[in-house]
Amino acid sequence: MKILKINPTHINHDLIRQVVRVLRQGSLVVFPTETVYGIGADVFNKKAIAKIFLAKQRPADNPVIVHIAQMSDLKKIARDISPQARLIAKHFWPGPLTLILPKKPEVSEAVTGGLDTVAVRMPDHPVALALVKALKSPIAAPSANLSGKPSATLINHAISDFGDKIDMYVDSGPAKIGLESTVIDVTVNPPEILRHGAVTKEMLKK
Ligand code: AMP
Ligand code: MG
């Protein structure tokens with residue numbers, strides 16, 4: 001396994017390209033977001049997605065969040081995006097809010113746990129955004145911990161859970177928020193909070 005240190009305030013794009021090569025091979029990468037560390041794969045690589053579930057010992061019916069880097073990425077994975085969903089996204093992204101939207105057929109059911117919807121967010125972390133941009137594909141990534149264990153807020157948490165089973169770890173220091181994203185279903189009216197997290201109900205009501 002390899003551990004790369006990438007400084008979020010001064011991104012080394014050679015290192016970003018190294019990480020992207022690993023993702024293109026269909027291997028998993030542990031990388032930082034502002035909420036917690038994620039264990040990521042190219043959303044469109046089914047074999048790599050299967051590796052996430054194996055590594056985490058995650059039940060196949062527990063869908064993972066897909067990370068995008070810009071609004072134009074949204075149409076690659078989601079469809080029928082309502083004006084209200086767009087408004088919420090514009091207000092909270094990049095940030096710790098995950099939207100549930102109808103999925104595009106290109107997103108496999110392995111990602112969505114068999115559902116016809118997909119969970120999407122734009123993380124507020126320069127390294128995560130740089131990785132998605134350089135890969136030119138959204139990155140599916142649940143938290144970088146074994147299923148049932150606390151989420152990794154430091155790279156060492158992830159290393160102690162996965163060790164050599166993961167090819168590459170990207171270390172950018174402690175996760176700023178240290179708490180999962182809030183999940184909101186915007187396919188229903190009014191939208192429904194499915195998981196409480198860093199964005200509060202009061203912030204959403206506003
Ligand atoms: P994480 O483990 O951080 O990737 O969070 C994934 C969580 O997001 C899941 O455990 C669900 O609670 C929620 N989630 C993801 N996709 C969906 C979906 N399509 N519909 C409803 N909830 C979802
Ligand atoms: Mg998790």
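Both counts, for ligands and for their atoms, begin at 1 and track the order of listing. Because only heavy atoms are used, hydrogens play no part in the values below, and waters and symmetry mates are left out as well, while side chains stay in.
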Participant: Applying side chain to side chain contact (heavy atoms under 4.5 Å, CB included) between Ile39 and each of Asp161, Val64, Val30, report the one that passes.
Facilitator: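 The single option meeting the side chain to side chain contact (heavy atoms under 4.5 Å, CB included) with Ile39 is Val30.
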Participant: Give the single entry among Pro142, Ala119, Ser143, Pro63 that approaches atom 6 (C) of ligand 1 most closely by any heavy atom.
Facilitator: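 Considering heavy atoms of Pro142, Ala119, Ser143, Pro63, the nearest to atom 6 (C) of ligand 1 sits in Pro63.
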Participant: Is there a donor-acceptor pair closer than 3.5 Å between any side-chain N or O of Arg24 and the backbone N or O of Leu135?
Facilitator: yes
Participant: Nearest 0.5 Å, what's the CG-OG distance between Leu154 and Ser172?
Facilitator: 12.0 Å
Participant: Tell me whether Asp116 is salt-bridged to Arg79, with the criterion being a basic N under 4.0 Å from an acidic carboxylate O.
Facilitator: yes
Participant: Is the shortest distance from atom 2 (O) of ligand 1 to a protein heavy atom below 4.0 Å?
Facilitator: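 At least one protein heavy atom is under 4.0 Å away.
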Participant: Pull out every atom of ligand 1 sitting under 4.0 Å from any heavy atom of Leu115, numbered as shown with elements.
Facilitator: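 Ligand 1 atoms under the 4.0 Å threshold to Leu115: 18 (C), 19 (N), 20 (N).
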Participant: Considering only protein heavy atoms, which is closest to atom 8 (O) of ligand 1, and at what distance to one decimal place?
Facilitator: Val183 CG2, 3.9 Å
Participant: Say whether Lys56, considering both its backbone and side-chain N or O atoms, lies within less than 3.5 Å of an N or O atom on ligand 1.
Facilitator: no
Participant: Is the shortest distance from a heavy atom of Thr112 to ligand 1 less than 4.0 Å?
Facilitator: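 No heavy atom of Thr112 comes that close to ligand 1.
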Participant: Look only at the side chain of Ser181 and the backbone of Leu97, and say whether a donor-acceptor pair between them is shorter than 3.5 Å.
Facilitator: no
Participant: Of all heavy-atom pairs between Gly40 and Leu23, which one has the smallest distance, and what is that distance?
Facilitator: O-CD2, 3.7 Å
Participant: Answer side chain, backbone, both or neither: which part of Arg121 comes under 4.0 Å from ligand 1, heavy atoms only.
Facilitator: neither
Participant: Would you mind checking which non-hydrogen protein atom is closest to atom 19 (N) of ligand 1, with the distance to 0.1 Å?
Facilitator: Thr117 OG1, 3.0 Å
Participant: Where is the nearest protein heavy atom to atom 5 (O) of ligand 1: which residue, which atom, and how far?
Facilitator: Arg195 NH1, 3.1 Å
Participant: Counting non-hydrogen protein atoms only, what is the nearest one to atom 21 (C) of ligand 1? Give residue, atom name and distance.
Facilitator: Leu194 CD1, 3.5 Å
Participant: Which residues satisfy the salt bridge (charged side-chain N to carboxylate O under 4.0 Å, His left out) test with Lys56, sequence neighbours excluded?
Facilitator: none
Participant: Can you see which heavy atom on Met1 is nearest to which on Ile159, and at what distance?
Facilitator: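 Distance-wise, the nearest heavy atoms are CE-CG2, 4.0 Å.
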Participant: In this structure, which one of His125, His67, Lys176, Arg121 forms a side-chain hydrogen bond (donor to acceptor under 3.5 Å, both in side chains) with Thr33?
Facilitator: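 When side-chain hydrogen bond (donor to acceptor under 3.5 Å, both in side chains) is applied between Thr33 and each of His125, His67, Lys176, Arg121, only Arg121 qualifies.
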Participant: Answer yes when Glu109 and Lys46 have at least one side-chain N-carboxylate O distance shorter than 4.0 Å, and no when they do not.
Facilitator: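 No, no charged N to carboxylate O under 4.0 Å.
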Participant: Indicate yes or no for a side-chain donor-acceptor contact from Arg58 to the backbone of Ser147 under 3.5 Å, with no hydrogens or angles considered.
Facilitator: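 Absent.
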Participant: Say whether Lys103 and ligand 1 are in contact under the criterion: heavy-atom distance to a ligand atom below 4.0 Å.
Facilitator: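 Flag not set, Lys103 not near ligand 1.
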Participant: Using a 4.0 Å heavy-atom cut-off, say whether Asn62 meets ligand 1 through its side chain, its backbone, both or neither.
Facilitator: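 The side chain, only.
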Participant: How far is atom 23 (C) of ligand 1 from its nearest protein heavy atom, and which residue and atom name does that atom have?
Facilitator: Ile100 CD1, 3.5 Å
Participant: I'd like to check Ile81 versus Leu74 (side-chain heavy atoms, cut-off strictly below 4.5 Å). Are they in contact?
Facilitator: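 Side-chain contact under 4.5 Å: yes.
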Participant: Tell me, which protein N/O/S atoms are under 2.8 Å away from the Mg ion (ligand 2)?
Facilitator: Ser143 OG
Participant: Looking at Ile6, Asp171, Val19, which hits side chain to side chain contact (heavy atoms under 4.5 Å, CB included) with Val127?
Facilitator: Ile6
Participant: With heavy atoms under 4.0 Å as the rule, classify the contact between Ile65 and ligand 1 as side chain, backbone, both or neither.
Facilitator: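 The answer is both.
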Participant: With heavy atoms under 4.0 Å as the rule, classify the contact between Val36 and ligand 1 as side chain, backbone, both or neither.
Facilitator: neither
